[in-house]
Amino acid sequence: MPLLEVEDLSIDLGDFHLRGINLEVERNDYLTVIGPTGAGKSVLLEAIAGFYPLRSGRVILDGRDVTNLPPEKRGISIVYQDFVLFPHLSVFENIAFGLRKVERNEERIKSEVEHIAEELRIDHLLHRKPGTLSGGEQQRVAIARALVVRPKVLLMDEPFSALDEKTREKLRSLVKKVIGEHGTTVIHVTHDFEDVFTLAKHVAVMRNGRLVQFGTPEEVFSRPNDEFIADFVGTNLLRGKAEGRRDGLTAIRVGNVVLYTVDEAEGEVTLSLRPEEVILAREPGECSAQNVLPVEVTGMERRGHLVWLSLAADGLSLRAVVTPNAVELLKIRPGKRFYALFKASALRVVK
Ligand SMILES: Nc1ncnc2c1ncn2[C@@H]1O[C@H](COP(=O)(O)OP(=O)(O)OP(=O)(O)O)[C@@H](O)[C@H]1O
Ligand SMILES: [Mg+2]
């Protein structure tokens, strides 16, 4: 039995409608929710937490229908993007806040707060006021406060997005460790695919108030349901025609070039290629990649700590992701020509 079931959930919020959401989250699952701004990700989280009246549908938590329970009775904790802490309370009292509602024993409160603070490495800050802490420290306090009550489900709405890159990376791995040790079930809304790749067991994609794809990161990123999702997650979708097997690989004509995939295919096919799988080289040289294409750089965009490239080959275009180091090393600029290399195993047949 799943820990959390969302059945046919619909909500009306002014002009916005969340429609027919069906979702199952297993115990110990880590679900990330992605989608463009305004898709309804935050509304979905808050609906699960119990902040909105439903138009229709049910929320079942741990075998119990909680649809009509107020938020505080659901056993759910929520962590927001901006560190919402009580400024006049110490870090200790901030973490103890929710726990005091269910636990009266002062000794036990003290030991639970100290324990979670130690795990999140904020035990040296317990006497301080939130205003004197860095963003990363404040967010660790918010996560400690959410975890200390041992929620059935932890909801996080872009918990790392207000942090700088280094702090975000550190906190991401710390959260992964602590949540793994606690066996907490998590639903985490994010715009950062790094969160998906490092934390998620499952991904839900939302668009216009609907859930448009659910699966493992591998499924969603390699086999997006449609063009919109492919575009959103940055996966290259290429359309071509299978031309038979050669040396254990399938040859596929795409535009004016022939590409090779390890998958079997016949007739018209759609192929996917993750941008991380594309390597740029000055010379084609000798290498193990089965696909080597001359390309021209047509666009560059810095996103997070990576650089996304648009590449034009003969009759097809590709997206690739490289590091700023690679950009410097190869002097990658729009208008320059390179070779794009990728393995036959990186090119997947979608349908
Ligand atoms: N209380 C409300 N009343 C009316 N409309 C609302 C309310 N809350 C949210 N909305 C609208 O619902 C839509 C979905 O909002 P939501 O905050 O869930 O988007 P999101 O997917 O979380 O976007 P972002 O990535 O920007 O955080 C938006 O168009 C928003 O304006
Ligand atoms: Mg949001």
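In listed order, ligands and their atoms are each counted from 1.
Scanning the protein heavy atoms around atom 2 (C) of ligand 1, the nearest turns out to be Leu13 CD2, 3.8 Å. When hydrogens are left out, the protein atom nearest atom 26 (O) of ligand 1 is Thr37 OG1, 2.5 Å; that is the closest non-hydrogen contact. Ser42 CB, 3.5 Å is the protein heavy atom nearest to atom 17 (O) of ligand 1. Considering only non-hydrogen protein atoms, atom 18 (O) of ligand 1 sits nearest to Val43 N, 2.9 Å. When hydrogens are left out, the protein atom nearest atom 12 (O) of ligand 1 is Phe16 CG, 3.1 Å; that is the closest non-hydrogen contact.
Remark: ligand 1 and Gly14 share no N or O pair separated by less than 3.5 Å (distance only, no angle test).
Contact annotation for atom 5 (N) of ligand 1: protein present (non-hydrogen atoms, distance under 4.0 Å).
Residue Gly38 approaches ligand 1 through these ligand atoms, each under 4.0 Å from one of its heavy atoms: 13 (C), 14 (C), 19 (O), 20 (P), 21 (O), 23 (O), 24 (P), 26 (O).
Shortest non-hydrogen contact noted between Thr167 and Gly136 is CG2-CA, 3.6 Å. Here the closest non-hydrogen pair linking Asp8 and Gly20 is OD1-CA, 3.5 Å.
Glu158 counts as a contact of ligand 1, since one of its heavy atoms falls under 4.0 Å from the ligand.
The cationic group of Arg207 lies under 6.0 Å from the six-membered ring centre of Phe228 and within 45° of the ring axis, placing it in a cation-pi geometry.
Between Glu5 and Arg64 there is no salt bridge, since no side-chain N of the basic residue sits under 4.0 Å from a carboxylate O of the acidic one. Comment: Arg319 does not engage Glu301 in a salt bridge, judged by the lack of any side-chain N to carboxylate O separation of less than 4.0 angstrom. Between Lys241 and Glu243 no salt bridge is recorded (no basic side-chain N to carboxylate O distance below 4.0 Å).
With 2.8 Å as the limit, Gln81 does not count as an N, O or S neighbour of the Mg ion (ligand 2).
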As a quick check of understanding, evaluate ring-ring contact (aromatic ring centres under 6.0 Å, His included) for His127 and Phe92, giving each step before the final call.
CA-CA 6 Å; His127 61 283; Phe92 181 98; over 10 Å; no

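Checking each of Lys201, His188, Lys176 against Tyr30 for a side-chain hydrogen bond (donor to acceptor under 3.5 Å, both in side chains) leaves exactly one that passes, namely His188.
Contacts between Met206 and ligand 1 below 4.0 angstrom, taking non-hydrogen atoms only, are absent altogether.
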